[in-house]
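Side-chain atoms are counted along with the backbone in the values below, which use heavy atoms only and exclude waters and symmetry mates. Index from 1, following the sequence.
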Amino acid sequence: SLIRQEVEARMPTPEQAAALAISETTPILCVITCSFDDLAEITHVSTAFYHPVNYRMTTTTMPDAGDQPRSAAAGD
């Protein structure tokens, strides 16, 4: 399985600015997450918006022991 996460700054809509109690001229963070199963089928998609100052991102990656980089595949 695979999880892809994209984080970007963007300008808020008036509704987002109001919900986050910030100015409409203050960028917000947009996080889009897609999860895929072993057949590369999408199993989950979410989009979240965060206050630009009150967000911390931490990631931990633990590849399966059997995973190999594509460049190390047999026959390369």
> Do Pro12 and Thr26 have side chains that approach each other closer than 4.5 Å (heavy atoms only, starting at C-beta)?
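In short, these two side chains do not touch, never coming nearer than 4.5 Å.
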> Are Val45 and Leu2 in one and the same hydrophobic cluster, where Ile, Leu, Val, Met, Phe, Trp and Tyr link if side-chain heavy atoms are under 4.5 Å apart?
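Val45 and Leu2: one cluster.
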> Give the table of side-chain donor-acceptor pairs shorter than 3.5 Å for residues 16-24, with sequence neighbours excluded, one pair per line with atom names and distance.
| unit_1 | atom_1 | unit_2 | atom_2 | d |
| --- | --- | --- | --- | --- |
| Gln16 | OE1 | Thr13 | N | 2.9 |
| Gln16 | OE1 | Thr13 | OG1 | 3.4 |
| Ser23 | OG | Thr25 | N | 3.0 |
| Ser23 | OG | Thr25 | OG1 | 2.8 |

> Salt bridge (charged side-chain N to carboxylate O under 4.0 Å, His left out) with Glu6: which residues, sequence neighbours excluded?
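Glu6 satisfies salt bridge (charged side-chain N to carboxylate O under 4.0 Å, His left out) with Arg4 only.
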> Once salt bridge (Lys or Arg N to Asp or Glu O under 4.0 Å) is applied, what residue pairs with a partner in residues 10-22 remain, sequence neighbours excluded?
Glu8-Arg10
> If the condition is ring-ring contact (aromatic ring centres under 6.0 Å, His included), which residues does Tyr50 pass it with, not counting sequence neighbours?
Tyr55
> Indicate every side-chain donor-acceptor pair of residues 32-40 with a distance under 3.5 Å to a residue at least two apart or in another chain.
| unit_1 | atom_1 | unit_2 | atom_2 | d |
| --- | --- | --- | --- | --- |
| Thr33 | OG1 | Gln5 | NE2 | 3.1 |
| Asp37 | OD1 | Leu39 | N | 2.9 |
| Asp37 | OD1 | Ala40 | N | 3.2 |
| Asp37 | OD1 | Glu41 | N | 2.9 |
| Asp38 | OD1 | Ser1 | N | 2.6 |

> Just verifying a value: how many Å separate Ile3 CD1 and Thr43 OG1, rounded to the nearest 0.5 Å?
8.0 Å
